[in-house]
Amino acid sequence: MSFLLKVHEKDNVAVAVGDMHKGQRTQIDGDSVLLLDDIPQGHKAAIVVIPKGEDVIKYGYPIGHATADIQKGQHVHTHNLRTNLGEIKQYAYSPMDGGYAVHTDKTFMGYRRRDNKVGIRNEIWIIPTVGCVNGVAKTLEGMADNTEGVDGVHAFTHPFGCSQMGEDLASTQKILAGLASHPNAGGVLVLGLGCENNRINDFKKFIGDIDPDRVQFLECQSVEDEIDTGYALIRRLAANAKGFKREEVPLSELIVGLKCGGSDGYSGITANPVVGAFSDLLVRQGGTAILTEVPEMFGAETLLTERCVDKEVFDETVAMINCFKEYYVSHGQVIHDNPSPGNKAGGITTLEEKSLGCTAKSGSTAVMGVYPYGGRVDKRGLVLLSAPGNDLVATTALIAAGAHLVLFTTGRGTPFGGPAPTVKISTNNALYAKKRRWIDFNAGDIADGKSIDACAGKLLSYVVKLANGEIKTQNEKHGNREISIFKDGVFL
C-alpha cells in the first residue's frame with residue numbers, strides 16, 4: 001500500500017511511503033490530496049499550496065524555500081526547493097536542565113582490561129604507523145587469522161604516517177593511537193618501518209600508558225625477517241589475550257557511535273529517530289552515545305546548542321560548528337552543498353532536510369561534552385565529536401574515540417564496516433529484504449506504523465546480544481573492516 005506520511009503537524013509537505021503516481025488520491029489529516037506528479041518512494045509532495053519564496057516545512061522546521069509556486073499535490077524536490085542556509089551565524093545560549101534519572105539495571109558481558117576499560121571483542125589488531133608496511137601487515141593478518149583463543153586478527157592499513165606535516169601528522173597519530181588503546185583489542189601489534197615521520201618512539205607518546213603484555217612494537221628495518229618476528233609477537237599477544245574472560249559489567253560502560261550514510265527520504269522518519277530513542281535509553285542507563293558528522297548538523301545545529309548542559313559545552317559546540325563552516329569557506333566550498341546524488345535520488349533535497357534527519361540520532365538528552373577530531377571520550381551521556389560526514393572517516397573517528405560499536409543508519413545500503421562492529425540499520429523494508437548480506441537491523445516498519453519506542457527497545461536488546469558476543473554484525477561476518485583518516489594539509 002502506498003500513501004503520504006506527514007511527519008510533523010506543522011509540515012506542509014508529506015513523504016511518499018512507496019511509489020505514488022499522478023492522478024492518485026490520498027488522505028492527509030482528513031483532507032483529500034490529488035497527486036499532480038509521480039512521487040517516488042521517500043520523496044515529498046506538497047499537501048497545501050506553497051507560494052514562491054515561502055518556507056517548505058518538514059519535521060516541523062524549514063528545510064528551504066520554494067523557488068516557484070508549488071501547487072497542492074505537486075512533487076517537491078530540487079526543481080522547486082532551495083536551501084535557506086548562509087555562512088557563519090550567531091547563536092544564543094539558554095541553560096537546559098541536563099538532569100535525568102539514571103537506572104543501571106541492565107548489563108552486558110565484556111572483557112575487563114588491566115586499565116579497567118571494557119571491550120566487547122577479544123581480537124588482535126595490527127596497526128601500521130605508515131603505509132609502507134601495509135603489505136607486511138596484511139601478510140601477518142593472513143598468517144594469524146585462525147589464531148586460537150582470540151576472536152580474530154585484523155590489520156588496519158592506511159596510506160599515511162609519512163610525508164605529512166603539522167596537524168595532519170598529529171591527526172594520523174591521534175587516530176592510530178586511539179585504535180591502539182581500544183579495549184576491543186586484547187592485543188595490539190604496532191608495525192613501523194623505521195624512517196617514517198610517525199616513528200614508533202614518537203607514536204608511543206600519543207598512546208599514553210602502555211601495557212607491554214597487550215601492546216607490542218615492531219620496527220621492520222631493525223630486524224632480519226619482519227614476517228617471522230611479527231608472527232612470533234602476534235602469538236605472544238594471543239597467548240596473553242586468552243587470559244581475558246567475559247564478565248558481567250553495567251550497561252553504563254558501553255560507548256556507542258552514531259552514524260548515517262547513504263540517507264534517503266525515510267532516514268529522518270524511521271531509522272534515525274529509532275537510533276535517537278535508543279540513545280536516550282542508553283544514556284539513561286548511564287552509557288555514552290557519540291554523535292559526529294559536523295557538516296550534517298548544519299541547519300539543525302540549534303537542536304543541539306539548545307540542549308547543551310552548560311555554557312562551556314555550548315561555546316565548544318558553537319566553535320565546532322563554525323570551525324567546520326570556516327573550513328569549507330577556506331577551501332572555496334559552499335557550506336550548504338552537501339546532499340549526495342544518492343541522497344537526492346532517495347528524496348533528500350537540501351542540507352537542512354538531511355541535517356534535521358541526521359540530528360534525530362541524538363535523541364533528546366542534554367549534550368554533555370564536545371571532543372576534537374582524534375579525541376578520546378571520557379564523559380558519559382550524549383557527547384559530540386568533530387569529524388566530517390564521510391562514512392569511513394567518521395566511523396574510524398568514532399571508534400578511535402572509544403566507541404565499542406557503531407550504529408550506522410542507511411537508506412541506500414553499504415557493505416562497509418569499521419574496526420569495531422558496525423551495525424547497518426535500514427531505513428526501509430525494501431533495502432532490508434534486498435541486502436541481507438549488508439543489513440543487520442530493520443527500522444523500515446516504522447513507516448508502516450510500528451512504534452519508534454518498541455523498535456528502539458528491540459535495538460537495545462540486539463546491541464546487548466552483540467556486546468555479549470552472542471551475535472556478529474554483517475561486516476564482521478564478511479571481513480569488511482576499513483579505516484580512513486582525515487587529511488587537510490600538504491604532502492612533502
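These values consider heavy atoms only, across backbone and side chains, with no hydrogens, waters or symmetry-generated copies.
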Verify the neighbour count for atom [atom1] of [X]: are there more than 12 heavy atoms of other residues, nucleotides or ligands below 6.0 Å?
X: Lys204; atom1: NZ; value: yes
X: Tyr327; atom1: OH; value: yes
X: Lys458; atom1: NZ; value: no
X: Glu482; atom1: CD; value: yes

Answer with yes or no whether the side chains of [Y] and [X] bring together a donor and an acceptor at under 3.5 Å.
X: Asn198; Y: Thr129; value: no
X: Ser267; Y: Asn272; value: no
X: Thr349; Y: Lys44; value: yes
X: Glu476; Y: Thr473; value: yes
X: Tyr371; Y: Asp378; value: yes
X: Asp55; Y: Asn12; value: no
X: Asn442; Y: Arg436; value: no
X: Asp105; Y: Gln285; value: yes

Checking [X] side chain against [Y] main chain: does a donor-acceptor pair fall under 3.5 Å?
X: Asp448; Y: Asp445; value: no
X: Thr410; Y: Gly261; value: yes
X: Glu296; Y: Val294; value: no
X: Thr396; Y: Ser484; value: yes
X: Arg246; Y: Met109; value: yes
X: Lys245; Y: Lys242; value: yes
X: Gln216; Y: Pro212; value: yes
X: Glu247; Y: Tyr111; value: no
X: His158; Y: Phe160; value: yes
X: Ser279; Y: Val275; value: no

Identify the heavy atoms of [X] and [Y] that sit nearest to each other, and give their distance.
X: Ile124; Y: Ala241; answer: CD1-CB, 4.2 Å
X: Phe278; Y: Ala456; answer: N-CB, 3.7 Å
X: Leu189; Y: Leu237; answer: N-CD1, 3.8 Å
X: Pro128; Y: Ala137; answer: CG-CB, 4.0 Å
X: Thr270; Y: Gly444; answer: CG2-O, 4.4 Å
X: Ala447; Y: Phe3; answer: O-CZ, 3.4 Å

### Residues that Asp213 engages under side-chain hydrogen bond (donor to acceptor under 3.5 Å, both in side chains), provided they are two or more places apart
none
Min side-chain heavy-atom separation [X]-[Y] under 4.5 Å:
X: Lys58; Y: Lys6; value: no
X: Lys106; Y: Pro250; value: no
X: Cys358; Y: Met297; value: no
X: Leu140; Y: Val153; value: no
X: Arg376; Y: Ser181; value: yes
X: Tyr266; Y: Gln41; value: yes
X: Lys325; Y: Glu301; value: yes
X: Arg284; Y: Thr365; value: yes

Calculate, to the nearest 0.5 Å, the distance between atoms [atom1] and [atom2] belonging to [X] and [Y] respectively.
X: Leu384; Y: Arg307; atom1: CG; atom2: CZ; result: 8.5 Å
X: Thr107; Y: Asn468; atom1: OG1; atom2: CG; result: 7.5 Å
X: Ile255; Y: Ile399; atom1: CD1; atom2: CD1; result: 12.0 Å
X: His404; Y: Leu398; atom1: NE2; atom2: CG; result: 13.5 Å
X: Ile446; Y: Asn428; atom1: CD1; atom2: CG; result: 12.5 Å

### Query
For the residue pair Phe314 and Tyr93, does the interplanar ring angle fall in the parallel (under 30°), tilted (30 to 60°) or perpendicular (over 60°) class?
tilted
### Contacts of Phe408 that satisfy ring-ring contact (aromatic ring centres under 6.0 Å, His included) - sequence neighbours left out
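Counting only residues at least two positions away or on another chain, Phe408 forms a ring-ring contact (aromatic ring centres under 6.0 Å, His included) with Phe416.
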### Query
Would Arg235 and Glu148 pass as an ion pair if we require N to O under 4.0 Å?
no
### Task
State whether Glu316 and Lys311 are salt-bridged, where the test is any N-O pair (Lys NZ or Arg NE/NH1/NH2 against Asp/Glu carboxylate O) under 4.0 Å.
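Lys311 and Glu316: not salt-bridged.
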### Query
Knowing that exactly one of Val406, Thr409, Val256, Leu466 qualifies, which makes a side chain to side chain contact (heavy atoms under 4.5 Å, CB included) with Val423?
Leu466
### Positive for salt bridge (charged side-chain N to carboxylate O under 4.0 Å, His left out) with Asp391, one of Lys259, Arg412, Lys424
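In the set Lys259, Arg412, Lys424, the residue that makes a salt bridge (charged side-chain N to carboxylate O under 4.0 Å, His left out) with Asp391 is Lys259.
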### Task
Report the C-alpha separation of Glu141 and Arg481 in whole Å, then their side-chain angles, then the decisive distance to 0.1 Å, and conclude whether the salt bridge (Lys or Arg N to Asp or Glu O under 4.0 Å) test is met.
CA-CA 12 Å; Glu141 176 189 54; Arg481 295 172 179 247; over 6 Å; no
